[in-house]
Amino acid sequence: MIDGESLISAASAIGAGLAMIAGIGAGIGQGFAAGKGAEAVGRQPEAQGDIIRTMLLGAAVAETTGIYALVVALLLLFANPLL
Amino acid sequence: MIDGESLISAASAIGAGLAMIAGIGAGIGQGFAAGKGAEAVGRQPEAQGDIIRTMLLGAAVAETTGIYALVVALLLLFANPLL
Amino acid sequence: MIDGESLISAASAIGAGLAMIAGIGAGIGQGFAAGKGAEAVGRQPEAQGDIIRTMLLGAAVAETTGIYALVVALLLLFANPLL
Amino acid sequence: MIDGESLISAASAIGAGLAMIAGIGAGIGQGFAAGKGAEAVGRQPEAQGDIIRTMLLGAAVAETTGIYALVVALLLLFANPLL
Amino acid sequence: MIDGESLISAASAIGAGLAMIAGIGAGIGQGFAAGKGAEAVGRQPEAQGDIIRTMLLGAAVAETTGIYALVVALLLLFANPLL
Amino acid sequence: MIDGESLISAASAIGAGLAMIAGIGAGIGQGFAAGKGAEAVGRQPEAQGDIIRTMLLGAAVAETTGIYALVVALLLLFANPLL
Amino acid sequence: MIDGESLISAASAIGAGLAMIAGIGAGIGQGFAAGKGAEAVGRQPEAQGDIIRTMLLGAAVAETTGIYALVVALLLLFANPLL
Amino acid sequence: MIDGESLISAASAIGAGLAMIAGIGAGIGQGFAAGKGAEAVGRQPEAQGDIIRTMLLGAAVAETTGIYALVVALLLLFANPLL
Amino acid sequence: MIDGESLISAASAIGAGLAMIAGIGAGIGQGFAAGKGAEAVGRQPEAQGDIIRTMLLGAAVAETTGIYALVVALLLLFANPLL
Amino acid sequence: MEGTLDFINAFLKWLLEFDIAVLVAAASVIGAGFAMIAGIGPGIGQGFAAGKGAEAVGTNPTKGRQVTVVMLLGAAVAETSGIFALVVALILLFANPLIGAEVAALVVIASVIGAGLSMIAGIGPGIGQGFAAGKSAETVSVRPEHHGNIVKVMLLGQAVGQTTGIYALVISLLLLFANPLL
Ligand code: NA
Ligand code: NA
Ligand code: NA
Ligand code: NA
Ligand code: NA
Ligand code: NA
Ligand code: NA
Ligand code: NA
Ligand code: NA
Ligand code: NA
């Protein structure tokens with residue numbers, strides 16, 4: 001017999017997996033930043049510090065929705081309010 | 001026994017996971033902004049302040065739909081009006 | 001027992017999550033605008049006001065389908081006409 | 001017990017959510033237009049009026065499939081011909 | 001009890017939602033056209049008429065698959081040959 | 001009771017919806033062609049005829065898979081060989 | 001009662017719909033070719049013949065996977081080896 | 001009869017598979033960085049060290065969401081808190 | 001008879017298939033690197049060694065999330081901790 | 001009574017009342033549909049190559065033949081994952097090794113669907129290798145004298161870009177022909 005709690009737990013496992021898919025975004029975006037950063041450093045090595053700082057600042061901003069998704073997945077796994 | 005409330009909770013866990021997928025967008029977009037920002041700073045280091053301010057303003061705008069999705073997911077988990 | 005109302009509520013939770021996925025679009029698009037805006041400000045700092053105004057006007061237009069999706073999701077959660 | 005009407009209503013909630021995903025398109029496209037518009041205004045500030053008019057005209061055209069999807073979703077929710 | 005007609009209606013609601021996803025294409029494509037059109041008008045304001053005509057002609061062509069999808073969705077909702 | 005024909009009809013409604021998703025491709029591709037066509041006409045207005053002819057020829061080629069999908073969807077709805 | 005043939009037929013309708021999604025690729029790719037072709041014809045109208053021949057040859061190559069998908073879908077509908 | 005634990009395990013296997021899809025992002029992004037890095041090294045071989053260091057630093061940042069997904073998948077498989 | 005082990009094995013087969021989809025990323029990204037590498041070698045043949053080394057180093061980094069997915073799939077098939 | 005409340009067991013019970021051959025056939029046609037989705041990749045990639053090829057032929061019409069050959073060679077490589085997917089789909093339809101197997105029905109139906117899903121990975125190599133084809137064709141039109149090196153690097157890079165498509169094919173074939181879960 002399957003009870004209600006098991007059904008919610010099962011759905012939470014799937015929900016956690018779905019949420020992680022959000023990570024596609026930061027992966028593409030930050031990789032683009034990495035590529036443009038490498039290109040810029042090659043062109044203006046003297047501005048390397050400023051380029052890398054801007055790249056990392058922008059990449060940090062791009063990470064947030066990946067973190068939101070991780071938080072939702074961890075909530076579903078470890079502190080599930082639906083259970 | 002699976003009752004109606006359990007079914008709604010299970011679906012809410014999946015719905016929360018699906019909503020988070022929206023975060024792909026901000027991740028790609030803000031990463032693009034990071035890359036263009038780094039490139040621009042390398043070319044015009046003297047305009048660094050203006051470039052970064054514009055990048056961050058635009059990135060803040062790009063974050064909104066990721067936040068909407070997070071709000072819907074948190075509603076489904078913590079303040080579910082369907083339960 | 002699972003009754004009809006529970007099934008509709010469960011499907012609404014999933015429908016709300018699906019709708020939010022639309023937010024991918026505005027995230028990518030507005031992030032692109034942020035990147036091009038930052039680039040343009042670096043090149044023509046004297047046109048900063050016009051550039052940012054155009055970027056924000058265009059980004060506002062790009063937000064609409066994300067808002068439509070949010071409205072449909074909130075309808076499904078808080079004012080569900082199917083229940 | 002689940003009756004036929006409930007099943008149709010449940011499927012309509014999911015169908016409405018699926019339809020809204022179409023909004024990804026206008027979000028990306030109009031955001032691209034915003035970015036190119038901002039870039040163009042930075043380069044030719046004297047043509048700002050023509051640039052913004054063209055950008056908004058094109059963006060209006062790009063909105064239509066997002067509107068079609070919204071109409072189908074609202075039909076499913078408020079004037080469901082299948083019920 | 002669920003009868004055959006209800007099952008077909010339910011599947012039609014989901015099918016209609018799925019079909020609308022096609023609208024992503026026209027949204028992205030026409031938005032691209034809007035951006036390139038705005039850029040071109042900024043560069044050659046004297047050719048504005050030709051540019052906008054070409055942009056709109058191309059955008060009309062890009063709309064068709066979005067219309068096909070709308071027609072299939074409306075058929076499923078209002079003139080369902082399977083029912 | 002659900003009989004075999006109803007199940008096939010229900011699956012056909014979903015299959016028709018899935019097939020239409022193919023239209024994303026032509027929408028993006030033809031929109032790209034519209035944008036490049038508008039750009040080219042702005043640069044070489046004297047070659048407008050050749051540019052638009054090439055754009056439309058290429059767009060016609062890009063339409064085919066959208067048409068194939070429409071044909072399969074209409075077969076599933078109106079002349080279903082599985083029923 | 002649902003018999004085995006009906007279940008396979010129902011699944012075939014969904015399989016045919018899924019296969020057609022492959023058409024997204026040719027639509028995007030051939031549209032890109034149309035755009036680059038139009039651009040190239042605008043730049044080198046004297047090479048129009050060569051440009052269009054290459055564009056069409058390349059587009060024919062890009063069509064194949066859309067054709068494979070159509071063939072599989074038609075097999076499922078009209079000459080299903082599993083029925 | 002299937003019991004609750006089996007259902008949760010089954011859903012965890014699917015959740016783990018779904019989470020891994022996040023890896024699409026880092027694959028695209030880091031590949032972009034590889035391409036831009038190779039291009040930059042070809043242009044400024046004397047800056048090779050700085051270019052590769054920037055590329056790898058940016059790629060490391062782009063890896064994180066892929067790692068988050070791997071961690072969630074391994075949790076679901078080896079240290080499942082829902083079981 | 002339906003037993004729990006069969007359900008877990010079944011879900012593991014689907015989970016393994018889903019995980020492999022991650023391979024889309026490395027395929028796109030490394031192909032981009034290949035294209036930029038070929039371009040760079042054609043333009044600066046004297047730097048061929050450095051270009052290819054950078055391309056391969058970057059491509060190796062882009063492979064990792066595809067490998068993670070392969071590992072998760074092989075675990076699900078050959079050393080399934082859920083069984 | 002209990003069966004109707006536990007809809008998952010009720011559904012599985014309904015499903016497993018079908019003959020196993022029927023279930024495998026139904027799942028196989030869906031798996032074949034999933035596999036074909038891989039065709040998105042070559043479509044995008046080869047279309048990119050077509051566009052860059054057309055542009056390159058316009059830039060340097062005297063090298064049109066050389067450019068077209070590079071474009072077609074690169075595009076041929078980009079077809080691979082479309083062919084892999086077609087082969088897996090045809091195996092599922094015409095030479096399905098799991099039809100007639102007397103084993104756990106649930107595992108078999110999931111395995112044929114999993115085999116189809118796995119092939120979707122082919123989208124990536126299709127796009128990427130097509131991109132490489134297009135850039136190589138473009139570069140050959142500008143530097144025809146380095147034709148050999150350009151093609152060598154293109155093929156090397158395309159080979160690297162194929163690997164995740166191969167991994168996916170391996171998993172798919174494992175599920176069909178050497179399934180450790182059965
Ligand atoms: Na963010
Ligand atoms: Na936004
Ligand atoms: Na909009
Ligand atoms: Na439109
Ligand atoms: Na069209
Ligand atoms: Na076509
Ligand atoms: Na092809
Ligand atoms: Na990251
Ligand atoms: Na990696
Ligand atoms: Na690879």
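Just so it is clear, the structure is predicted and the values come from calculations on it, not from any experiment.
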Task: chain G contacts, top residue of F:A19, F:G23, F:G37 (heavy-atom pairs, under 4.5 Å) - done: F:A19
Open item on the list: Can you tell me which of G:A26, G:A11, G:G35 forms the most heavy-atom pairs within a distance under 4.5 Å of chain F?
Closed with: G:G35
TODO: Identify which of G:A34, G:G42, G:A73 forms the greatest number of heavy-atom pairs closer than 4.5 Å to chain F.
DONE: G:G42
TODO: For the residue pair G:M20 and F:L18, establish whether any side-chain heavy-atom pair is separated by less than 4.5 Å.
DONE: no
Task: Heavy-atom side-chain proximity of F:V61 to G:M55 below 4.5 angstrom - done: no
TODO: Measure the spacing between CD1 of G:I28 and CD1 of F:I24 and express it to the nearest 0.5 Å.
DONE: 8.0 Å
Open item on the list: With heavy-atom distances below 4.5 Å as the criterion, would you say the side chains of F:L75 and G:F78 are in contact?
Closed with: yes
Task: Working for side chain to side chain donor-acceptor pair (under 3.5 Å), residues F:E5 and G:S6 - done: CA-CA 7 Å; F:E5 287 224 350; G:S6 299; over 6 Å; no
- [ ] Rounded to the nearest 0.5 Å, what's the gap from NZ on F:K36 to NZ on G:K36? Could you check?
- [x] 4.5 Å
Task: Structural part of G:L76 lying under 4.5 Å from a heavy atom of chain F - done: backbone
- [ ] Sort F:A16 into side chain, backbone, both or neither according to what part of it lies under 4.5 angstrom from a heavy atom of chain G.
- [x] neither
TODO: Would you indicate whether the side-chain heavy atoms of F:L82 and G:L83 approach each other to under 4.5 Å?
DONE: yes
TODO: With a 4.5 angstrom heavy-atom cut-off, could you sort out which part of G:Q48 is near chain F: side chain, backbone, both or neither?
DONE: side chain
Open item on the list: Does any part of the side chain of G:I52, heavy atoms only, come nearer than 4.5 Å to the side chain of F:L57, both counted from C-beta?
Closed with: yes
- [ ] Could you please spell out the steps behind the side-chain contact (heavy atoms from CB on, under 4.5 Å) verdict for F:V71 and G:L70?
- [x] CA-CA 10 Å; F:V71 169; G:L70 180 62; over 6 Å; no
Task: Part of G:L77 within contact of chain F (heavy atom distance under 4.5 Å) - done: both
TODO: Name the option with the most non-hydrogen atom pairs under 4.5 Å to chain G; the candidates are F:G4, F:A40, F:A22, F:A13.
DONE: F:A22
Task: Nearest-0.5 Å distance that lies between atom OG in G:S9 and atom CG in F:L7 - done: 9.0 Å
Task: Side chain, backbone, both or neither of G:I14 within contact of chain F (heavy atoms, under 4.5 Å) - done: both
Task: Side-chain touch F:T54/G:E39, heavy atoms, less than 4.5 angstrom - done: no
Task: Approximate separation, where rounding is to 0.5 Å, of G:Q30 CD and F:F32 CZ - done: 14.0 Å
Task: Atom group of G:I8 that falls short of 4.5 Å from chain F, counting heavy atoms - done: neither
TODO: Search all heavy atoms of F:D50 against all heavy atoms of G:P45 and return the closest pair with its distance.
DONE: OD2-CB, 4.3 Å
